[in-house]
Amino acid sequence: MKVELISYSNLGEKVCGIASKTCVSENIPDVNDNVMKSLRSAISSGHEAVLEHWSATFAVSGVSRALTHQLVRHRLASYSQQSQRYVNMDGFDYVVPESILNHPDSLEQFKWGIKAIQKVYKTLLAYGIDMEDARYILPNACTTNIIVSMNARQLRKFFMLRMCNRAQWEIRELATKMLELVKMVAPALFENAGASCDVLGYCPEQRSCGKCPKLKTLLDKNSII
């Protein structure tokens, strides 16, 4: 997996800060005004609409179709993905889950299945079948490339959901790498970003990994009887 931050908003944190302070000021602040306190206050208060003024674009390559099927469910974002209609996937690369890599018999079967699919795909093309129809045989393991753009508000939500220990391992790795990149260019926007439990202090999932207590547990513990 390769993840690159190829573009992000110029003066992004400053713009979000101006937006935040505008909400509580008579006049729109000047670009030279100190607005970072207002920005941090907005973030800590959960007033994250101002974060939509900052966006970033990532180039993601060498990930599986299984990952991108999950990724595009985050609807408030923009995507441009490698098309299997127009790109010949003969001899395609593929992602192998660690659980299979660590199980020799499973790995042998996995590789056998991939080779069989590669052979069928190549045969279909040789028969004159269009790539858009031959692609129906391709597996979720098949690698793909995708360009992803999200604003800061959606990125923070993405990190909350996909850095969770219960998230699928590959998209969790992607989210972790994306957060590392945006923290370098916009630390104030993402200094407290991460999995839901790290941000909220409790687990909002129906099924918890046990890292943090559930909200109901905290409420019951602090309730006065």
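- Judged by distance alone, the side chain of D33 and the main-chain N or O of V35 form no donor-acceptor pair under 3.5 Å.
- For residues 24-81, the set of pairs meeting the ring pair (Phe, Tyr, Trp, His ring centres under 6.0 Å) definition, not counting sequence neighbours, comprises W54-F190, H74-F158.
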Ignoring hydrogens and angles, write down the donor-acceptor pairs under 3.5 Å from the side chains of residues 172-179, residues two or more places apart or on other chains.
from: R172; atom 1: NH1; to: N165; atom 2: O; distance (Å): 3.3
from: R172; atom 1: NH1; to: A167; atom 2: O; distance (Å): 2.6
from: E173; atom 1: OE2; to: K177; atom 2: NZ; distance (Å): 3.3
from: T176; atom 1: OG1; to: R172; atom 2: O; distance (Å): 2.8
from: K177; atom 1: NZ; to: M1; atom 2: O; distance (Å): 3.3

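- Residue pairs satisfying the side-chain hydrogen bond (donor to acceptor under 3.5 Å, both in side chains) criterion with at least one member in residues 99-116, sequence neighbours excluded, are listed as follows: H103-S106.
- The two residues S64 and A141 make their nearest non-hydrogen contact at CB-O, 4.0 Å.
- Heavy-atom minimum distance, S196 versus L161: OG-N, 4.3 Å.
- Linking Ile, Leu, Val, Met, Phe, Trp and Tyr residues whenever their side-chain heavy atoms come within less than 4.5 Å places Y8 and V60 in a single cluster.
- The two atoms that bring I18 and D30 nearest to each other are CD1-O, 4.2 Å, heavy atoms only.
- Under the rule for a side-chain hydrogen bond (donor to acceptor under 3.5 Å, both in side chains), the partners of E132 that lie at least two apart in sequence or sit in another chain are R85.
- Formation of a donor-acceptor pair under 3.5 Å by the T123 side chain with backbone atoms of K119 is found in this model.
- When side chains are defined from C-beta on, L39 counts as touching L51, because their heavy atoms get closer than 4.5 Å.
- With hydrophobic clusters built from ILVMFWY side chains whose heavy atoms lie under 4.5 angstrom apart, V72 does not share a cluster with V95.
- Sorted by first and then second residue, the salt bridge (Lys or Arg N to Asp or Glu O under 4.0 Å) pairs with a member in residues 158-169 form an empty list; sequence neighbours excluded.
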Please tabulate, for the side chains in residues 148-155, all donor-acceptor contacts under 3.5 angstrom to protein atoms that are two or more places apart in sequence or on a different chain.
from: S149; atom 1: OG; to: T57; atom 2: OG1; distance (Å): 2.7
from: N151; atom 1: OD1; to: R153; atom 2: N; distance (Å): 3.0
from: N151; atom 1: OD1; to: Q154; atom 2: N; distance (Å): 2.9
from: R153; atom 1: NH1; to: E52; atom 2: OE2; distance (Å): 2.6

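- There is a path of hydrophobic side-chain contacts, each under 4.5 Å, that joins M36 to M184.
- Of the inter-residue distances, the one linking C164 atom SG with I171 atom CD1 reads 12.0 Å to the nearest 0.5 angstrom.
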- Should T144 and Q84 be marked as a side chain to side chain contact (heavy atoms under 4.5 Å, CB included) after you check the CA-CA gap, both sets of side-chain angles, and the distance that decides it? CA-CA 9 Å; T144 186; Q84 292 179 342; 5.9 Å; no
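- Side-chain contacts under 4.5 Å among hydrophobic residues (ILVMFWY), followed directly or transitively, place I147 together with I6.
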- Assess whether side chain to side chain contact (heavy atoms under 4.5 Å, CB included) is satisfied between V63 and T68, documenting all intermediate values. CA-CA 8 Å; V63 295; T68 58; 4.0 Å; yes
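- Cluster membership check: L11 does not share its hydrophobic cluster with V185, using side-chain heavy-atom separations under 4.5 Å among Ile, Leu, Val, Met, Phe, Trp and Tyr.
- Under the salt bridge (charged side-chain N to carboxylate O under 4.0 Å, His left out) criterion, K211 pairs with D198, not counting sequence neighbours.
- Annotation: side-chain contact (heavy atoms from CB on, under 4.5 Å) contacts of R75 (sequence neighbours excluded): R73.
- The side-chain hydrogen bond (donor to acceptor under 3.5 Å, both in side chains) analysis of residues 178-191, with sequence neighbours excluded, yields the pairs R40-E191.
- Rounding to the nearest 0.5 Å places OG1 of T143 at 7.0 Å from CD of Q82.
- Considering SG of C142 and CD of Q118, their distance stands at 8.5 Å, rounded to 0.5 Å.
- At a threshold of 4.5 Å between side-chain heavy atoms, the hydrophobic network of Ile, Leu, Val, Met, Phe, Trp and Tyr places M160 and L189 in two separate groups.
- Rounding to the nearest 0.5 Å places CD1 of I43 at 7.5 Å from SG of C16.
- Considering every non-hydrogen atom in both I28 and T22, the closest pair reads CG2-OG1, 3.9 Å.
- Under the salt bridge (charged side-chain N to carboxylate O under 4.0 Å, His left out) criterion, E48 pairs with R156, sequence neighbours left out.
- In this structure the side chain of S9 never reaches within 4.5 angstrom of the side chain of V15, judged on heavy atoms.
- When all heavy atoms of A56 and V182 are compared, the closest pair comes out as CB-CG1, 4.5 Å.
- Under a 4.5 Å side-chain heavy-atom cut-off, the cluster of Ile, Leu, Val, Met, Phe, Trp and Tyr residues that includes M89 is completed by V87, F92, Y94, V96, I100, L101, L107, F110, I114, I117, V120, Y121, L124, L125, Y127, I129, M131, I137, L138.
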